[in-house]
Amino acid sequence: MNSDSPNQMLPIVDTLGRAHTALRISVTDRCNIRCFYCMPNEKIEFLPSREILSFEEIVSFVEILADHGVKKLRITGGEPLVRSQLYKLIQKLVVVPGIADVALTTNGILLTEQAQSLYDAGLHRLNISLDTLSEQVFQRITRRSGLEKVLQGIDQARQVGFSNIRLNAIAMAGLTETEVVPLAEFARQHRLELRFIEFMPLDAEQAWQPDKVFSGQDVKRMIEDRFGKLQPVQADDSSQPARNFAYDDGSGQVGFINSVTEPFCGSCNRIRLTAEGKLRNCLFSTTEWDIRELLRSDATGQEIAARVRECVFAKKAAHGIDGQDFERPLKAMYQIGG
Ligand code: SAM
Ligand code: SF4
């Protein structure tokens, strides 16, 4: 790739005027657990390493997008912490001119070992997935053991200095009902923000059905029954998907990402880069744009930016999960990057 991209070019805006300033980067499709709402349990064909973007390729792409107004990055996967020496990628991304915020989503299993190096690398924010506080339920979800490691990882992350850790919990019928109150109690006690994310049709085993979504409204009701009325909190950033609420007794906030029952596509500002370098304009895209091919050729920064624009221009108004003609993407969550 030739690095000829002049600074401060046009922002990446779609046909509905949505400016795309956030990029989610998947660094691997591998994972050390097997959540049933995401991955298959067995017979998984992971990408061979030659197909995965190198750190240098990811950084080159981010430099181009930063010139076009992308400011926020989220590193995800698969499980990003299984990618060797991830902190080295973070070190490179936080210094890209124009990048103001670099966040990471992890299942937390490897955080005890890696929290310090991630913090030292300059990682700004950390989201840790935590669906339950029961080892038995954890094993049912992940088909592995490891809750204790996740809890240790959360503790370690706080100790090394991460201050705005968020916990993400899935909201799924038949699973989440018993977890809501213990998770909320845990988050309140440790002063962590908890967010419930509605189960989406991105599970590899294709078991998703509308009635398996436990709506954010129902979770909110359960929390209010236990802890009292929640007060809406004005979002600082209108593109953020969570609706946040404060507890009346001042013990922090809880958020709801109601992707299915209250889609927020109208304010979506995100594009997604898969581990093998394909660009998607939505979690539910059925089309992808090949960036790796360009990064591994003589393509200029302008040519790469042009492909990004093509991708963003094709973005639909909404994901359409509830529509008659909704088509599930062929890839599951771990192959896209959640
Ligand atoms: N492995 C990391 C983790 O679990 O945090 C990062 C990748 S994971 C795909 C990112 C987030 O997607 C997790 O919080 C997970 O709970 C969520 N997720 C996975 N499958 C989902 C689904 N079908 N519907 C809703 N959220 C899902
Ligand atoms: Fe792994 Fe995250 Fe998917 Fe669970 S949700 S299987 S931790 S990638």
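In each ligand, atom 1 is the first atom listed, and ligand 1 is the first ligand listed.
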- [ ] Kindly confirm whether atom 1 (Fe) of ligand 2 is within less than 2.8 Å of some N/O/S atom in C31?
- [x]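 Here the distance criterion (N, O or S atom, under 2.8 Å) is met by C31, so yes.
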
Backbone of [Y] reached by a side-chain donor or acceptor of [X] within 3.5 Å:
{"X": "R188", "Y": "G252", "result": "no"}
{"X": "R280", "Y": "L283", "result": "yes"}
{"X": "E193", "Y": "V254", "result": "no"}
{"X": "R158", "Y": "H190", "result": "yes"}
{"X": "N258", "Y": "T261", "result": "no"}

Open item on the list: Within the structure, is a non-hydrogen atom of G77 found at a distance of less than 4.0 Å from ligand 2?
Closed with: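 Flag not set, G77 not near ligand 2.
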
TODO: State if M333 counts as touching ligand 2 under the rule of any non-hydrogen atom under 4.0 Å.
DONE: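 No; M333 lies far enough from ligand 2 that no heavy-atom distance drops under 4.0 Å.
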
Tell me which protein heavy atom sits closest to [atom], plus the residue, atom name and distance to 0.1 Å.
{"atom": "atom 18 (N) of ligand 1", "result": "M333 CE, 3.7 Å"}
{"atom": "atom 4 (O) of ligand 1", "result": "S129 OG, 3.5 Å"}
{"atom": "atom 15 (C) of ligand 1", "result": "Y37 CE1, 4.0 Å"}
{"atom": "atom 6 (S) of ligand 2", "result": "C35 N, 3.3 Å"}
{"atom": "atom 26 (N) of ligand 1", "result": "I170 CD1, 3.6 Å"}
{"atom": "atom 3 (Fe) of ligand 2", "result": "C38 SG, 2.4 Å"}
{"atom": "atom 2 (C) of ligand 1", "result": "E79 OE1, 3.3 Å"}

Task: Close aromatic pair by centroid cut-off 6.0 Å: F199 and F214 - done: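 Centroid separation for F199 and F214: 6.0 Å or greater.
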
- [ ] Could you label the plane-to-plane angle of the F256 and F196 rings as parallel, tilted or perpendicular, counting under 30° as parallel and over 60° as perpendicular?
- [x]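 Plane angle under 30°, so parallel.
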
Open item on the list: Need the ligand 2 atom indices (1-based, order shown) with element for anything under 4.0 Å from a heavy-atom of M39.
Closed with: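 Counting atoms of ligand 2 from 1, those under 4.0 Å from M39 are 6 (S).
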
- [ ] Heavy-atom contacts with I33 under 4.0 Å: which atoms of ligand 2 show up? List them by number with element.
- [x]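 Those qualifying, in numeric order: 6 (S), 7 (S).
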
TODO: Using distance alone, determine whether M200 and ligand 1 share an N or O pair under 3.5 Å.
DONE: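 Yes; at least one N/O pair falls below 3.5 Å.
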
Open item on the list: Side chain or backbone, does T106 bring an N or O within less than 3.5 Å of an N or O on ligand 1?
Closed with: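 T106 vs ligand 1: N/O contact under 3.5 Å present.
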
Does the side chain of [X] come under 3.5 Å of the side chain of [Y] through a donor N or O and an acceptor N or O?
{"X": "Q152", "Y": "Q156", "answer": "no"}
{"X": "N269", "Y": "T21", "answer": "yes"}
{"X": "E79", "Y": "N107", "answer": "yes"}

Open item on the list: Heavy atom to atom 11 (C) of ligand 1, shortest distance: which of T105, V82, I75 holds it?
Closed with: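 Considering heavy atoms of T105, V82, I75, the nearest to atom 11 (C) of ligand 1 sits in T105.
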
Open item on the list: Judged on heavy-atom distance to atom 8 (S) of ligand 1, which of A169, A171, G77 sits nearest?
Closed with: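 Residue with the shortest heavy-atom distance to the ligand atom: G77.
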
- [ ] Using a strict 4.0 Å threshold on nitrogen-to-oxygen distance, state whether R34 and E42 make a salt bridge.
- [x]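 Looking at E42 together with R34, the answer is no, because their closest N to O distance does not fall below 4.0 Å.
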
Open item on the list: Assess whether a salt bridge exists between D29 and K331, defined as any Lys/Arg side-chain N lying under 4.0 Å from an Asp/Glu carboxylate O.
Closed with: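 No, this pair does not count.
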
With heavy-atom distances below 4.0 Å as the criterion, list the atoms of ligand 1 near [X].
{"X": "T76", "result": "6 (C), 7 (C)"}
{"X": "G78", "result": "1 (N), 2 (C), 6 (C), 7 (C)"}
{"X": "C38", "result": "19 (C), 20 (N)"}

Open item on the list: I'd like to know whether ligand 1 has Y334 as a neighbour, heavy-atom separation below 4.0 Å.
Closed with: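 Contact absent.
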
Task: Close approach, M172 and ligand 1, non-hydrogen under 4.0 angstrom - done: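 Contact check M172 vs ligand 1: negative.
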
Task: Heavy-atom check, side chain of L53 versus side chain of R292, under 4.5 Å - done: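 They are in contact (side-chain heavy atoms under 4.5 Å apart), so the answer is yes.
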
